[in-house]
Every structure is written in C-alpha cells, then in structure tokens.
Amino acid sequence: MKLVAGNSNRALAEAISGYLKVPLSACLVRRFADQEIFVEIQENIRGEDLFIIQSTSYPANDNLMELLILIDAARRSSARRITAVVPYFGYARQDRKTSARTPISAKLVANLITRAGADRVLTLDLHAGQIQGFFDIPTDNLFSVPVMVRDIEDHNDIGNAMVISPDVGGVVRARLLASRIDAPLAIVDKRRERPGESEVMNIIGDVEGRDCILFDDIVDSGGTLCNAAEVLHERGAKSVRAYITHGVLSGGAVARVAASRLRELVITDSIEPNAAVLASPNIRVLTIAPLIGEAISRTAHEKSVSSLFD
Ligand code: R5P
C-alpha cells in the first residue's frame, strides 16, 4: 500500500500515516504563476494499492482540482488500484435540484472523481447516504459515531443525556447516536409558516432538565446550532453541547459559536482546523485518523469495513 496526500489537510494525512506506519509517499504539489496546479508523485507507484488523502474543504474548488490531478497522475503512473480518501466531501449539500434549472453538483463531483480514474472512494459522514449511489465505483461511507460515543462516555458531566437532531433531515443520523448511548431523541422542527416571515422553531420532545447533545454532519455558519441552543434553553434544557463531524465554520462562525449558549462544540479533524478554531474557548477537535487509518488498512487487506461500526 502507498499513501499520497494533497495539501488540504496535511496534519490528518500525517496522523493516518502514523497510525498505519506507512510513510506518505514523496509528492510535489505546486502552482504555476497563473494558479494552475502541477503535481509530481516522486516515487514509483506502478502496481501499488494507492490511497490519495484529500478533503475537498475550503478552498473547495482548488482542493477538488488538486484531488482530480493527483488521481490523474496516479492513473498515468500505473497504480494498480486508486482509492480517493475524502474525509470531507465538499459539494455534498447540493445533492438534489432545489428549484428549477439548478445543478446537482454532488453528482457532478462524483462523476469527476470517477472519470479522473479513482477505483474506490472512502469518505466520512456523507451529508446524505444516497450520495454513495452517485458513484458507479465502490464507496465506503464511514461514521464518526464511535469516536463521538467514546468522547461522550468520557464526559461524566453528561448525565441526563438527550440527543437532538437540529432538523428533520438529520433524524436517522441522530437516532444512531441516541441508540449507541442509550438516550432518548428529540427533534428541532424549523419551519417558515409564510414566505417572508421569520422561521419558527418547535421542539418535538421534552428537553426540560436534559443535557442536550445536538448531533449533525456539518456546522457551516453555525446558525443552525446557535439558534437551536437558544430554543433548547428556552424550553428548559440544563445544558447544550454539539457534536458535529465536519467543522466547515465559515465567515464569523467561530465568533458566533463563542457568543452562543452552546457549552461546547465538538468537531473532528476531517477539515483541518484553522488558528481561530484551535484558539476558540468552546470548540474542541477529535481526531478521526485512527478510524480512517483502520478503514484504509481493512480495504488494503480486503477485510470488512462495515464491521468497524457493529
Ligand atoms: C444541513 O442540512 C446540514 O446538515 C447542516 O445542518 C447545515 O449545513 C448547517 O449549516 P449552518 O451551520 O450554516 O447553519
């Protein structure tokens, strides 16, 4: 097996390499003056089982292009099998037509990765499980749940836990966590009664006196979480934390989270945390390197990946 890393999340790639005890293959990724990307894999990969690690996070288009060019270089260098390891799969939220004459960009990105020459894809907490079907190559969608459960169990101040899905679309994901920690489930139901009127938030479930755990795949502007934390407190929640896989945290999200009623936001390193995230008083980062490393090892040795989540 050989590992190659793009530039989107070197720290995670190095941690995965440490877990597997396989060094990252020498690979040059640089820009021409006009910002075109050039890559050169600087060791022989002919006949190798190659894993290319690259999240398509901010700047999404540059990191996606870098991934595609790395796959192309690997294919032209006769790697035996190429797995695109994409811990954060950007564009996933554009997975359906939301109105007339709009694209399905998640499908386009899946096509690009496949046509570039990937044989498999390994990713984490896809925005919607059905996105696996956008790829006509084997796609393993890992879950961060075991990592989150371990952390929740280590925090014995979360006594009277209740898992909260921040929207109706996330119920299946939240139910999985609730069943793993043996906690009840509540749902935030956001709706705009009439166009132009502000959104009304209802909570389906009784959160009074509960240590609430909001569970979701993405925190972007932080608006969904901060508003939910406010409403949960209004309904009598004792504390509100959030466990979110992908910390997109764009714009003023870090400041918004710091000023919110969230006791803590726990994210993973699927996207490399920037300095503001690392300095934040109420954001903590868990690593998913061992989980991804183990899934890579099992893929290379043709062992079950799904049994990681039994
Ligand atoms: C939406 O369906 C996602 O699961 C997240 O809830 C959403 O992307 C969060 O966005 P924001 O942090 O901007 O509210």
Side-chain angles (χ1 to χ4, degrees), residues 55-60 86-99 102-107 109 123-132 134 141-145 148 163-178 185-192 198-205 212-233 240-271 273-274 276-277 280 282-285 288:
S55 277
T56 51
S57 48
Y58 176 86
V86 191
Y88 171 68
F89 182 77
Y91 280 103
R93 285 173 286 180
Q94 298 184 47
D95 59 355
R96 64 196 176 283
K97 287 184 72 166
T98 46
S99 58
T102 55
I104 304 182
S105 308
K107 169 63 179 158
V109 171
T123 185
L124 174 74
D125 281 335
L126 275 174
H127 179 58
Q130 306 89 286
I131 295 172
Q132 284 173 93
F134 291 1
N141 180 29
L142 309 178
F143 304 107
S144 65
V145 163
M148 305 302 202
V163 177
I164 316 288
S165 174
D167 54 39
V168 176
V171 172
V172 173
R173 185 181 297 115
R175 194 182 292 131
L176 179 64
L177 177 67
L185 178 72
I187 301 163
V188 179
D189 172 35
K190 290 182 291 190
R191 64 179 71 165
R192 213 177 289 278
S198 64
E199 226 168 34
V200 182
M201 283 187 145
N202 294 307
I203 308 289
I204 305 171
C212 294
I213 302 172
L214 284 155
F215 188 54
D216 207 357
D217 59 333
I218 294 172
V219 48
D220 188 347
S221 68
T224 302
L225 287 186
C226 298
N227 293 341
E230 191 63 43
V231 176
L232 288 166
H233 274 107
V240 183
R241 287 179 170 77
Y243 279 77
I244 314 290
T245 310
H246 307 296
V248 174
L249 294 168
S250 53
V254 173
R256 192 169 295 122
V257 168
S260 76
R261 301 194 71 181
L262 278 172
R263 182 170 292 187
E264 189 176 39
L265 165 61
V266 181
I267 56 175
T268 77
D269 55 358
S270 66
I271 296 173
N274 61 23
V277 171
S280 164
N282 63 344
I283 302 181
R284 194 155 53 84
V285 184
I288 35 98

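Note that ligands are numbered from 1 as they come in the structure, with each ligand's atoms numbered from 1 the same way. Excluded from the calculations below are hydrogen atoms, water molecules and symmetry mates; all remaining heavy atoms, backbone and side chain alike, are included.
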**Prompt:** Are a donor atom and an acceptor atom from the side chains of T268 and S144 found within less than 3.5 Å of each other?
**Reply:**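 T268 vs S144: no donor-acceptor pair found between side chains.
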**Asked** Heavy atoms under 4.0 Å from ligand 1: which residues qualify?
**Response**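 Within 4.0 Å of ligand 1, protein side: R93, H127, D167, D216, D217, I218, V219, D220, S221, G222, G223, T224.
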**Prompt:** Does F134 have any ring-ring contact (aromatic ring centres under 6.0 Å, His included) partners at least two apart in sequence or in another chain, and if so, which?
**Reply:**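 Result, ring-ring contact (aromatic ring centres under 6.0 Å, His included) vs F134: none returned.
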**Message:** Measuring only between side-chain heavy atoms, which start at C-beta, is V109 closer than 4.5 Å to T56?
**Reply:**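 Side chain of V109 against side chain of T56, heavy atoms only: no contact under 4.5 Å found.
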**Request:** Answer whether the closest heavy-atom distance between the side chains of R93 and D220 falls below 4.5 Å.
**Result:**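 A side-chain contact under 4.5 Å exists here.
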**Prompt:** Are the side chain of H127 and the backbone of I218 linked by a donor-acceptor contact shorter than 3.5 Å?
**Reply:**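 Pair absent, no side-chain N/O of H127 close to backbone of I218.
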**Prompt:** Atom CG in N141, atom CG in L124: separation rounded to 0.5 Å?
**Reply:**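 One gets 7.0 Å once the value is rounded to the nearest 0.5 Å.
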